[in-house]
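Structure record follows, encoded as structure tokens.
Because only heavy atoms are used, hydrogens play no part in the values below, and waters and symmetry mates are left out as well, while side chains stay in.
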2 protein chains.
Amino acid sequence: MTDKDLTIQQVAGLTGLSVHTLRYYEKIGLMDPIRRAKNGHRAYHMDDMEWIRLIVRLRSTGMPIVEMQRFADMMRMGDAGISRRRALLEEHEQKLMLQAKELEDTLVVLRDKIAYYRAWESGEHSG
Amino acid sequence: MTDKDLTIQQVAGLTGLSVHTLRYYEKIGLMDPIRRAKNGHRAYHMDDMEWIRLIVRLRSTGMPIVEMQRFADMMRMGDAGISRRRALLEEHEQKLMLQAKELEDTLVVLRDKIAYYRAWESGEHSG
DNA sequence: TATTGACTTGGAGTGCACTCTAAGTTGTAC
DNA sequence: GTACAACTTAGAGTGCACTCCAAGTCAATA
């Protein structure tokens with residue numbers, strides 16, 4: 001393990017994933033097998049970090065694991081997988097735009113209700 | 001069952017929830033018991049529909065069932081629950097604003113990668 | 001009168017994404 | 001040298017939100 005390598009604990013701290021989840025993601029092929037230090041411990045590199053951060057982004061915006069696995073497989077195909085990777089990301093982009101719209105609509109509804117409740121509350125005090 | 005009442009099937013069609021889910025939501029107290037027609041079938045009214053649509057909105061923007069149950073309980077408290085309802089909705093509003101930011105950030109990342117892939121693909125053709 | 005189809009119930013089963021357990025190894029601190 | 005913390009594995013367990021099943025009721029139609 002060189003100076004720049006990170007332990008699983010450190011990666012967990014940096015990414016917000018649990019140590020369990022990091023091992024789980026590796027086991028299901030969402031990450032390539034992480035290099036090991038002499039004692040068998042995982043030694044994460046900066047390249048690994050970048051991939052993990054992308055995974056976390058995709059997950060937090062609702063991409064299911066099976067789709068991220070497909071994306072990981074396309075990464076392993078190298079150049080041959082590029083147009084498929086683009087297609088997958090474009091699909092996700094479409095979903096995110098719909099999600100953003102739903103979210104904005106809901107914010108409007110919420111703010112409307114909140115304003116109504118607030119008006120009722122101040123009426124309660126003065127009335 | 002009067003003319004304006006809806007069957008569970010119709011409500012499913014109108015809300016996007018499954019018949020199973022509608023019964024499930026009623027069972028766990030997310031909805032008040034729905035009135036019954038003479039034959040024992042559920043007869044949904046327009047008031048029910050409005051509540052269901054709110055539920056669907058909250059769910060689709062990530063509110064867990066247990067929190068919607070709390071909100072339903074506050075509805076049953078009537079006026080006494082109003083300020084608590086407002087607090088709950090304001091909390092959700094905060095979460096949605098964070099979600100919206102995460103979403104926008106991810107869209108930037110995705111578009112960046114898509115553009116990169118696209119550039120690579122066109123280079124592939126001409127080179 | 002018999003079949004069809006939409007509904008009813010309680011309770012069991014499913015799929016996803018973790019999350020934890022048990023048993024074992026390794027490297028450092030006292 | 002022994003206690004301790006951090007790591008390793010395979011595999012079991014958990015929590016959420018449905019989703020389905022079996023058995024039964026009821027109204028309408030052939």
Expressed as a whole number of angstroms, how long is the span from [X]:[atom1] to [N]:[atom2]?
X	N	atom1	atom2	value
A:Glu26	D:dT8	CD	C1'	11 Å
A:Ile8	D:dA5	CD1	C1'	15 Å
A:Ile28	D:dT9	CD1	C1'	17 Å

Worksheet item: For the side chain of A:Gln10 and the backbone of A:Thr7, is there at least one donor-acceptor N/O pair under 3.5 Å apart?
Response: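 Between the backbone of A:Thr7 and the side chain of A:Gln10 there is a qualifying donor-acceptor contact (under 3.5 Å).
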
Discussion item. If you define the side chain from C-beta out and look only at heavy atoms, does anything of A:Leu88 sit under 4.5 Å from A:Arg84?
Written reply: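 Not touching, per the 4.5 Å side-chain cut-off.
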
Discussion item. Can you confirm whether A:Ile55 sits close enough to A:Met68 that some side-chain heavy atom of one is under 4.5 Å from a side-chain heavy atom of the other?
Written reply: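 A side-chain contact exists here, since the closest heavy-atom pair is under 4.5 Å.
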
Worksheet item: So, is A:Arg42 near the phosphate of D:dC7, with a side-chain N or O under 4.0 Å from OP1 or OP2?
Response: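 No, A:Arg42 has no side-chain N/O under 4.0 Å of OP1/OP2 on D:dC7.
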
Practice prompt. Kindly say if A:Thr7 contacts the phosphate of D:dC7, meaning a side-chain N or O under 4.0 Å from OP1 or OP2.
Written response: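 Yes.
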
Worksheet entry | Under-4.0 Å salt bridge between B:Arg118 and A:Glu90 |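 Answer for the salt bridge query: yes.
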
Practice prompt. Look up atom NE2 in A:His20 and atom CD1 in A:Ile8, then write down how far apart they are to the nearest 0.5 Å.
Written response: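 That separation rounds to 9.5 Å.
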
Worksheet item: Which pairs count as side-chain hydrogen bond (donor to acceptor under 3.5 Å, both in side chains) when at least one residue sits in residues 54-66 of chain A, sequence neighbours excluded?
Response: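 Qualifying pairs: A:Arg57-B:Glu102, A:Arg57-B:Thr106, A:Ser60-B:Glu102, A:Thr61-A:His92.
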
Worksheet item: Going 5' to 3' along nucleotides 15-30 of chain D, which nucleotides have protein heavy atoms under 4.0 Å from the base (write B), which only from the sugar-phosphate (write S), and which from neither (write -)?
Response: --BBBB-----S----

